[in-house]
2 protein chains.
Amino acid sequence: MPNNQFKKGELYSFITGKASTAIARRLQKKFNTAGLNITIEQWSVLYHLWKQEGISQQELCNATFRDKPSITRLVDNLEKLNLVKRVASEHDRRINLIYLTKQAQKLQEETMALADETLNEALETVPTDKVDICKEVLQIVYDNLK
Amino acid sequence: MPNNQFKKGELYSFITGKASTAIARRLQKKFNTAGLNITIEQWSVLYHLWKQEGISQQELCNATFRDKPSITRLVDNLEKLNLVKRVASEHDRRINLIYLTKQAQKLQEETMALADETLNEALETVPTDKVDICKEVLQIVYDNLK
DNA sequence: TTTGGATAGTTGCACAAACAACTATATGCC
DNA sequence: GGCATATAGTTGTTTGTGCAACTATCCAAA
């Protein structure tokens with residue numbers, strides 16, 4: 001039984017992702033405390049736009065592992081907050097290219113620092129090599145199922 | 001820099017829990033394909049009730065890492081589906097004890113088999129010792145932040 | 001050049017999550 | 001006993017997610 005290493009009692013955490021839920025909640029609280037009026041999900045979209053802006057909504061779907069309606073609404077809300085702009089592509093009028101506003105550019109440094117802080121709190125006392133193995137396993141899980 | 005082992009590019013997956021999202025979606029699809037009309041979140045509540053029924057909503061909050069309103073509504077929906085019953089406690093009238101219906105008892109075996117199957121698909125090609133380390137790290141993360 | 005299929009994005013609906021504010025009940029202290 | 005405080009649960013609101021159905025545009029083949 002090669003991959004049957006889960007006892008029943010351990011199923012639950014893996015499926016429900018309690019660890020990532022805890023990380024996301026902690027980071028959200030840091031955003032709120034800092035007076036940053038954005039959600040973790042909105043931040044995750046900005047995160048990819050900071051790496052590269054001017055990408056389509058479809059590309060944001062792939063990057064964030066969300067479906068098209070989810071991205072439509074996240075972009076809606078980010079637009080309401082004046083953090084991104086939809087710009088119609090010139091060669092393909094089906095496509096919206098998403099650009100950051102100046103206001104969103106200002107958020108990068110502060111929110112990334114809070115994210116770093118959160119991960120350091122999460123991984124306190126965990127040796128580096130175990131973290132690396134954990135990341136590796138989660139990446140394989142994602143690749144196996146996506 | 002003891003716990004600074006995350007490069008920027010790796011932040012994202014850890015916070016958004018792409019792996020657990022992928023697992024949950026796969027399991028949800030298996031439920032749907034099997035004609036089982038329940039959500040992963042409802043299943044996670046049943047999961048704890050199969051281990052021990054007749055516990056309070058507050059105990060379900062602790063077990064599932066959800067807040068009270070979330071449990072209220074999950075129990076509402078499970079009651080509508082005739083899967084659980086609220087029974088007022090006799091010694092403390094603030095408390096609802098949650099019991100499984102016969103219909104819910106019948107779901108245990110089939111859904112647990114689908115969950116096992118999902119985890120086997122997720123962990124295909126991952127050696128057991130790495131899975132153990134991954135579980136250990138996620139548990140520490142949860143304990144550090146909860 | 002038209003037409004049929006693919007792709008990008010939006011909208012409607014049901015379900016879930018987080019927070020705040022609320023009701024009802026219990027408990028501890030004077 | 002009576003009151004302050006804590007605890008259990010509910011409700012309202014905003015935001016996000018997944019699915020299905022829809023519109024608009026593009027592209028390729030007849």
Side-chain angles (χ1 to χ4, degrees), chain A residues 15-18 20-33 37-46 55-81 83-84 86-98, chain B residues 15-18 20-33 36-45 55-81 83-84 86-98:
Chain A
I15 293 173
T16 57
K18 291 208 291 186
S20 57
T21 303
I23 292 173
R25 279 191 207 161
R26 175 68 61 95
L27 180 54
Q28 181 71 67
K29 275 181 191 157
K30 286 181 192 287
F31 283 178
N32 296 345
T33 302
N37 190 28
I38 60 169
T39 66
I40 296 303
E41 294 83 1
Q42 290 164 3
W43 175 82
S44 80
V45 172
L46 294 179
I55 63 178
S56 69
Q57 293 186 200
Q58 183 57 55
E59 287 171 311
L60 279 174
C61 292
N62 302 335
T64 63
F65 195 44
R66 288 183 168 88
D67 71 354
K68 289 191 293 180
S70 294
I71 290 297
T72 292
R73 276 138 186 162
L74 284 172
V75 173
D76 284 349
N77 286 338
L78 285 166
E79 236 178 2
K80 280 182 206 155
L81 291 168
L83 293 173
V84 306
R86 283 177 167 100
V87 177
S89 164
E90 298 195 347
H91 0 287
D92 187 338
R93 288 193 296 166
R94 293 170 303 178
I95 293 178
N96 293 332
L97 301 176
I98 312 300
Chain B
I15 293 173
T16 57
K18 291 207 292 185
S20 58
T21 302
I23 292 174
R25 276 191 210 163
R26 175 68 61 97
L27 180 54
Q28 182 71 67
K29 274 181 192 159
K30 286 181 192 288
F31 284 178
N32 296 345
T33 302
L36 301 173
N37 191 28
I38 59 170
T39 66
I40 297 303
E41 295 84 0
Q42 291 164 2
W43 175 83
S44 77
V45 172
I55 63 178
S56 69
Q57 293 187 200
Q58 183 57 56
E59 287 170 311
L60 280 174
C61 292
N62 301 336
T64 62
F65 196 43
R66 288 183 169 88
D67 70 355
K68 290 192 291 181
S70 293
I71 289 297
T72 291
R73 277 140 185 162
L74 283 172
V75 172
D76 285 348
N77 287 338
L78 285 166
E79 238 180 0
K80 279 183 208 153
L81 292 168
L83 294 173
V84 305
R86 285 176 166 99
V87 178
S89 164
E90 298 195 347
H91 357 287
D92 186 338
R93 288 193 295 166
R94 292 171 303 180
I95 293 177
N96 293 333
L97 300 176
I98 312 300

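Residue numbering restarts at 1 for every chain, and letters A, B, ... go by the order of the sequence lines. As the structure is a computational prediction, the values presented were derived from the model and not from experiment.
In the set dT11(D), dT25(D), dA26(C), dT11(D) carries the atom at the smallest distance from any side-chain atom of Arg73(B). Distance from the side chain of Arg94(B) is smallest to dA24(C) among dA24(C), dG18(D), dA18(C). Considering only the side chain of Asn96(A), dT10(C) comes nearest among dA18(C), dT10(D), dT10(C). Taking the side chain of Lys68(B) as heavy atoms from C-beta on, and the options dG18(D), dT10(D), dG9(C), the nearest nucleotide is dT10(D). In the set dA17(C), dC15(C), dC19(D), dC19(D) carries the atom at the smallest distance from any side-chain atom of Lys29(B). Residue Glu41(A) places its side chain closer to dT17(D) than to any other of dG9(C), dT17(D), dG9(D).
A sub-4.0 Å separation between OP1 or OP2 of dT17(D) and a side-chain N or O of Arg66(A) is present. OP1 or OP2 of dG16(D) lies within a sub-4.0 Å distance of a side-chain N or O belonging to Thr39(A). In terms of phosphate contacts, Gln57(B) brings a side-chain nitrogen or oxygen within less than 4.0 Å of OP1 or OP2 of dT10(D). Listed pair Arg25(A) / dA18(C) meets the phosphate criterion, a side-chain N or O lying under 4.0 Å from OP1 or OP2. Taking only side-chain nitrogens and oxygens, Arg93(A) never comes nearer than 4.0 Å to OP1 or OP2 of dT7(C). Distances shown here put every side-chain N or O of Gln28(B) at or beyond 4.0 Å from the OP1 or OP2 atom of dC19(D).
Residue contacts shown for Asn77(A) are limited to sugar-phosphate atoms, with no base heavy atom under 4.0 Å away. Asp92(A) comes within 4.0 angstrom of sugar-phosphate atoms only, judged by non-hydrogen atoms across all strands, and of no base. Using a 4.0 Å heavy-atom criterion, one finds that Leu74(B) contacts the sugar-phosphate atoms exclusively.
Atom-to-atom, CG of Asn32(A) to P of dT15(D) comes out at 13 Å; the value is rounded to the nearest Å.
The shortest distance between side-chain heavy atoms of Phe65(A) and Thr21(B) falls below 4.5 Å.
Position along DNA chain C of the nearest nucleotide to Pro69(A) versus Phe65(B) favours Pro69(A) as the more 5'-ward residue.
Gln57(A) contributes no side-chain N or O that, together with a main-chain N or O of Ile71(A), makes up a donor-acceptor pair within less than 3.5 Å.
A salt bridge does not link Arg73(A) to Asp67(A): none of the charged nitrogens lies less than 4.0 Å from a carboxylate oxygen.
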